[in-house]
There are 2 protein chains.
Amino acid sequence: MPETPHEKANPEAQHSDSFFTLKWKGDIDGTLLLLDQTLLPHQNVILDLKSPQQVMDAIVKLAVRGAPAIGVAGAYALCLATRDLTNSSDVRVRLKEVAPSVRNCRPTAVNLATMVDRMMNLLNSEAAASLEGQKLRELLFSEASRIEREDQDYCQRIGLAGASVIPNGSTVITHCNAGALATAGSGTALSVVYQAWEEGRRFQVLADETRPLLQGSRITAWELQRKNIPVEVICDGAAGSYFQRGLIDVVITGSDRIASNGDAANKIGTYSLSTLAKAHGIPFYIAAPSTTFDFNIQNGTQIPIEERPEEEIWSVVGKKRPIGNIKYGNPAFDITPASSITGWITEVGIIQPPFEEIR
Amino acid sequence: MPETPHEKANPEAQHSDSFFTLKWKGDIDGTLLLLDQTLLPHQNVILDLKSPQQVMDAIVKLAVRGAPAIGVAGAYALCLATRDLTNSSDVRVRLKEVAPSVRNCRPTAVNLATMVDRMMNLLNSEAAASLEGQKLRELLFSEASRIEREDQDYCQRIGLAGASVIPNGSTVITHCNAGALATAGSGTALSVVYQAWEEGRRFQVLADETRPLLQGSRITAWELQRKNIPVEVICDGAAGSYFQRGLIDVVITGSDRIASNGDAANKIGTYSLSTLAKAHGIPFYIAAPSTTFDFNIQNGTQIPIEERPEEEIWSVVGKKRPIGNIKYGNPAFDITPASSITGWITEVGIIQPPFEEIR
């Protein structure tokens, strides 16, 4: 019988103030718990994942999404790969088999590749060379836990670094979800929002609904209302009207990969938002940890852009594909050029190219 | 028993090459047939409307939409108001009662107000002063028919005037639906597309899906595939990425109201598109008949913008409103400034402010 990753819905969690994006359950032989974000906001279902394939499936269908969060999930996926193994050469063989598929199951966010590479570099390091099976597994597991804790720490520091960009009485707009649910911690763009709120400033957030998968409407609005931060959801095409009417003071989004020159990939629609911000002289910030920077590439044209299934577009029109010869284009990300970005809010502060602080 | 405007679905029409937006059925005592556009593309249902209230309901729920089409529907709504009347003073009293509600049931498109005013001006004219009931009704009915025929004629001439802006091998992007289904004829922006195709040039059309009501995905794509014109539907937020990659050559949209200075109201999202076009040096055209110009107002800030129900936004997330204190902003239109518009394609040619040709 195939393993089923679904635990039953947890109705209590829906009304509680705490939730988690992902969490390891048990000891080193445990499993990975994930909140299935595809079902938010109406259902709160925890997936209990036992294999790297189940983690990859969850990543591909966006049950877990957000560059930092899928980096952590990728590291834990490798831990799951070694669950039934006792000797070190089996661990090595299994991880070499599995790592490339985990690394590449979504192409745009660099964090997934970075964290898988970090685990594999450790596996191939001197420190790991002479370890027996169980010790080797412990070394890898503690690295995955460290990746998770680092992400939580980065989130908090991003909030502290960026909070001052949100003035009292202002309106912030964000796109997609760069909140707690995109990370293992409090988020990137939304960590800035949470910290500014924590510091006592009052403001409101406009959330682009973010077609096709509605992460703004489903996830960002859900996160913000739980903290009692005023939030208004608008259609992606409506943002221009709000800029034009002078109703937006600052833009903050996350990013899935930032090139050496500062060009930033983020959810499709971010480039339009940055173009509008620039046309209206409104500051536009990217909030992301140093792990999202890819210094192996020069600029945004080198970032691979994932093209996702066309059903994501036509399914809101009805259960079946509209008749006729109609194409659907569904790039999942776009590139905001560095020239449209006011500052890059990272765990070391608000920085500028060439980002010497984190190279 | 309340009247029901629904005829049964006509599955044959779905596969036929011809369809109609609206059509009067029968003689002066007849009814108004409307294709219910809310059910496209999956269902092809004709409404048979017998009262002005039914026409207003159809306009408000967008069973019929598009500035020129609702102008024609408004004129016929007044004809329906007099169906059971035989003497002229009853006709006058009834129309004075009904006209303001028809005129104002949607605020942004000027055509609805213009055509209701035109009918009422005729009612109050010298030509109508001495007519008995039946003759007065005939006069009004022939005026409504004339409004419909004029719109058909304008559409055709808009196509001829604008076709040359679409080069062979190009990609045109449009927003919402400014096609046959927005008019009594072949459309405004899409009439230009149809005419260019007719003249033998080959190109493709990108259709913004146009949230919240998906007129691009549901209606524009449906119209274009029926004519075998290549069409690709994209999410509204994706247009920026296509501009950035050099994949768009020209933008053509319709308009709901054009001010004296050329500022043009159109479906929410059009302003973003115009800002992107300007940033990329891509020509942006508005296609609209002279009946869409409102020379009583100076600029776009004077155009009333309809705010529509929040359900149009959250209903794609699920059948019930998401929990929590979340606001939804749903302005149905935005204003593209004249400075971002390359040319106004009308029935008298491609013109520029101050539009002396049509004043």
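Note that these values count all heavy atoms, side chains included, but never hydrogens, waters or copies made by symmetry.
- Inter-residue side-chain proximity for B:Arg245 and A:Pro331 is flagged as met; some heavy-atom pair is nearer than 4.5 Å.
- Contact check for A:Ser272 versus B:Gln244: no side-chain heavy atoms found under the 4.5 Å cut-off.
- Interface remark: A:Leu214 contributes side-chain atoms only to the contact with chain B (heavy atom separation under 4.5 Å).
- Chain B forms more heavy-atom pairs under 4.5 Å with one residue of A:Leu206, A:Asp334, A:Ile326, A:Thr275 than with any other, namely A:Ile326.
- With a 6.0 Å radius and a threshold of 12 heavy atoms from other residues, nucleotides or ligands, B:Glu307 has its CD atom above the threshold.
- Interface remark: A:Pro322 contributes backbone and side-chain atoms alike to the contact with chain B (heavy atom separation under 4.5 Å).
- For chain B, no part of A:Phe243 is nearby; none of its heavy atoms comes within less than 4.5 Å.
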Would B:Tyr271 and A:Leu276 count as a side chain to side chain contact (heavy atoms under 4.5 Å, CB included) if you check the C-alpha gap in whole Å, the side-chain angles of each, and the deciding distance to 0.1 Å? CA-CA 10 Å; B:Tyr271 172 63; A:Leu276 287 162; 4.0 Å; yes
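- Interface residue A:Ala221: backbone and side-chain heavy atoms are both found under 4.5 Å from chain B.
- Counting heavy-atom neighbours within 6.0 Å of A:Asn299 CG, excluding the residue itself, gives a total above 12.
- Of the atoms belonging to A:Ile335, heavy atoms from both backbone and side chain fall under 4.5 Å from chain B.
- A distance-only check finds no donor-acceptor pair linking the side chain of A:His42 to the backbone of B:Ile323 [under 3.5 Å].
- For chain B, the option among A:Ser315, A:Gly269, A:Ser217 with the highest count of heavy-atom pairs below 4.5 Å is A:Gly269.
- Ranking B:Gln225, B:Gln204, B:Lys278, B:His175 against chain A, the residue ahead of the rest is B:Gln225, based on heavy-atom pairs under 4.5 Å.
- Here the side chains of A:Cys235 and B:Pro212 are in contact, with some heavy-atom distance below 4.5 Å.
- Scanning all heavy atoms of the two residues, the minimum distance from B:Pro41 to A:Val317 falls at CD-CG1, 3.5 Å.
- Within the 4.5 Å cutoff, the side chain of B:Asp236 has no heavy atoms near those of the A:Arg211 side chain.
- The candidate with the highest count of non-hydrogen atom pairs below 4.5 Å against chain A, out of B:Ser241, B:Ala279, B:Ala207, B:Ser274, is B:Ser241.
- Neither the backbone nor the side chain of A:Lys267 has a heavy atom closer than 4.5 Å to any heavy atom of chain B.
- In summary, of the residues considered (B:Ile234, B:Val231, B:Val233), a side chain to side chain contact (heavy atoms under 4.5 Å, CB included) with A:Tyr328 occurs for B:Val233 alone.
- Counting heavy-atom pairs closer than 4.5 Å to chain B, the top residue among A:Lys327, A:Glu312, A:Arg218 is A:Lys327.
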